[in-house]
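Here is the structure we will look at, set down as structure tokens.
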Protein chains: 2
Amino acid sequence: MLPYEHFGYIGAMTDSPNDVTPDRLCKADALPPSDQHAQQYAAVRNAHETELLEDYVELIADLLEHQGEARSTDIAARMGVSQATVSKTVTRLKSLGLVSSKPYRSLFLTEKGEAMAAMSHQRHAIVLQFLRALGVSDRTARIDAEGMEHHVSQETLEIMQRYTREQGRRDA
Amino acid sequence: MLPYEHFGYIGAMTDSPNDVTPDRLCKADALPPSDQHAQQYAAVRNAHETELLEDYVELIADLLEHQGEARSTDIAARMGVSQATVSKTVTRLKSLGLVSSKPYRSLFLTEKGEAMAAMSHQRHAIVLQFLRALGVSDRTARIDAEGMEHHVSQETLEIMQRYTREQGRRDA
DNA sequence: TCTACAAGTTAACCTTGGCTAAAATACTGT
DNA sequence: ACAGTATTTTAGCCAAGGTTAACTTGTAGA
């Protein structure tokens, strides 16, 4: 069974179709020009390339901070993946100059890796806080943030940040 | 050069670090339990599996609607990939029962494919409208929506929808 | 100390999603 | 009708990210 079959959103929507597709997005809405359309997909593919690397680096930074060291076992457990997979990915991270380590020893971030981790962490935090400020439950916000963070442009990040800030003021 | 190096978000943030990391997310913030953490990543991997399929199916539906037929050439141009890639992916879509076609002929969606396309389209529309309602520019909203749509849970979708609706009322 | 168990690595394999180049099929215009 | 062009498919290549199984290394306890 395909994952999407679990999603079951269609049923939940049929009662208010007008809210879903206002005029500017309904049937008559034309397709964007091919080249622009292609650029959108290219952006997504581009994001995919670094997504996993960012997740690793971010996780390694978190482990270093909270546990004092970053071990493959922990990464494997937290990523829900086998140790062999971690080992292979770490090799790649090393070849990209993001991570350093001696064989059979725990992992460290290079300067480049730390920069990436810091950026990733910021982005993650902004998206997570935004979702919570919107009213999304903590559990869901965490899951969604994990997936969304790599696809949010700087423009949108700034807007999310502003929203979160204003929302906080409103509560106070 | 890694794609993330183009992003350059760190510089933009250093002036207001307090807005970025409030107490509950700052250094002291503990890691979630391993198994829950693993589930988050699993959810992302799961989304990745269907992402591309959904994009294809959604695009095929759009082409059928706006151009009357869905040809590999158009898909290749719009996705920004080679025709060979399209051909291979379409083979997979057929084996999954989402698309049907005769060799060297244009493509159709099965019932299952249409259901997926409809769901995908709805989700896409909700996210896009939400971003625009937030104040994101059209160009950016399109790009971000394309990447984000596959990672937004139903709970968040409903909240986005409500926000967009209320925002619309406020404007009126 | 040395033996067992835990942790890390390596090898061999799979699928997906890209690519190019070449072959097969469909379409169009004279 | 058929020659030439456009489209689609096939074959062979590659890298990424996953797996299991077997091997190496590190470490802690008797």
Side-chain angles (χ1 to χ4, degrees), chain A residues 2-4 34 38-39 41-57 59-60 63 67-96 98-108 146-147 150, chain B residues 2-4 34 38-39 41-57 59-60 63 67-96 98-108 146-147 150:
Chain A
L2 285 165
Y4 87 96
S34 279
Q39 275 184 292
Y41 288 115
V44 175
R45 280 196 300 272
N46 194 48
H48 279 163
E49 268 181 44
T50 33
E51 250 180 74
L52 192 73
L53 306 179
E54 288 178 351
D55 285 343
Y56 267 79
V57 155
L59 179 52
I60 290 169
L63 287 170
Q67 332 243 53
E69 67 176 349
R71 321 211 38 167
S72 309
T73 304
D74 295 339
I75 298 174
R78 294 205 110 83
M79 299 274 295
V81 115
S82 74
Q83 283 190 13
T85 299
V86 172
S87 197
K88 216 203 295 195
T89 306
V90 165
T91 302
R92 215 178 134 228
L93 291 170
K94 287 208 261 185
S95 82
L96 290 168
L98 294 164
V99 161
S100 68
S101 78
K102 300 209 187 306
Y104 297 97
R105 261 43 220 277
S106 64
L107 311 174
F108 298 94
E146 191 61 62
H150 307 282
Chain B
L2 285 165
Y4 88 96
S34 278
Q39 275 183 294
Y41 288 115
V44 174
R45 280 196 300 272
N46 194 48
H48 279 163
E49 268 181 42
T50 34
E51 251 180 73
L52 193 74
L53 306 179
E54 288 178 350
D55 285 343
Y56 267 80
V57 153
L59 179 53
I60 290 169
L63 288 169
Q67 332 243 49
E69 67 177 349
R71 320 214 35 168
S72 310
T73 305
D74 296 337
I75 297 175
R78 295 205 111 83
M79 299 273 297
V81 299
S82 73
Q83 286 181 239
T85 298
V86 171
S87 196
K88 217 204 291 196
T89 307
V90 166
T91 302
R92 215 179 134 226
L93 291 170
K94 287 209 262 184
S95 81
L96 289 169
L98 294 164
V99 161
S100 68
S101 79
K102 298 207 189 304
Y104 296 97
R105 262 40 221 275
S106 63
L107 311 174
F108 298 95
E146 192 61 62
H150 307 282

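Letters A, B, ... mirror the listed sequences (proteins, then strands); counts begin at 1.
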How many Å lie between [atom1] on [X] and [atom2] on [N], as a whole number?
| X | N | atom1 | atom2 | value |
| --- | --- | --- | --- | --- |
| B:Tyr104 | D:dT8 | OH | P | 11 Å |
| B:Leu107 | D:dT7 | CG | P | 14 Å |
| B:Arg45 | D:dA16 | CZ | C1' | 14 Å |
| B:Ile75 | D:dT7 | CD1 | P | 13 Å |
| B:Leu93 | D:dT9 | CG | P | 12 Å |
| A:Lys94 | D:dA16 | NZ | P | 16 Å |
| A:Gln83 | D:dA21 | CD | P | 15 Å |
| A:Lys88 | D:dT20 | NZ | P | 13 Å |

| query | Looking only at side-chain N and O atoms, does B:Thr73 come under 4.0 Å of OP1 or OP2 in D:dT8? | reply | yes
| request: Please check the phosphate of D:dT8 (OP1 and OP2 only) for any side-chain N or O of B:Arg71 closer than 4.0 Å. | output: yes
Once you apply a heavy-atom cut-off of 4.0 Å, does [X] come out as touching a base, just sugar-phosphate, or nothing?
| X | answer |
| --- | --- |
| A:Ser72 | sugar-phosphate |
| B:Thr85 | base |
| A:Val86 | nothing |

| field | Residue pair A:Ser100 / A:Lys94, side-chain donor-acceptor N/O under 3.5 Å | value | no
| field | Rounded distance (nearest 0.5 Å) linking atom CD of A:Glu51 with atom OH of A:Tyr56 | value | 13.0 Å
| field | Interatomic distance, A:Thr91 atom OG1 to A:Leu96 atom CG [nearest 0.5 angstrom] | value | 11.0 Å
| query | Within the distance-only criterion (no hydrogens, no angle test), does the side chain of A:Ser82 pair as donor or acceptor with the backbone N or O of A:Thr85 below 3.5 angstrom? | reply | yes
| field | Check: B:Arg78 and B:Leu63 side chains under 4.5 Å, non-hydrogen atoms | value | yes
| Taking 5' to 3' order, which nucleotide of DNA chain C is first and which is last to have an atom within less than 4.0 Å of a heavy atom in chain A? | C:dA7 to C:dG18
| message | Please report whether the ring centroid of A:His150 lies less than 6.0 Å from that of A:His48. | response | no
| CA sep, side-chain torsions, deciding dist, call: B:Leu98, B:Arg92, side-chain contact (heavy atoms from CB on, under 4.5 Å) | CA-CA 9 Å; B:Leu98 294 164; B:Arg92 215 179 134 226; over 6 Å; no
| said: Can you work out whether A:Ala70 or B:Gly80 has the more 5'-proximal nearest nucleotide on DNA chain C? | reply: A:Ala70
| task | Among D:dG18, D:dG26, D:dT9, find the nucleotide with the atom closest to the side chain of A:Leu52. | result | D:dG18
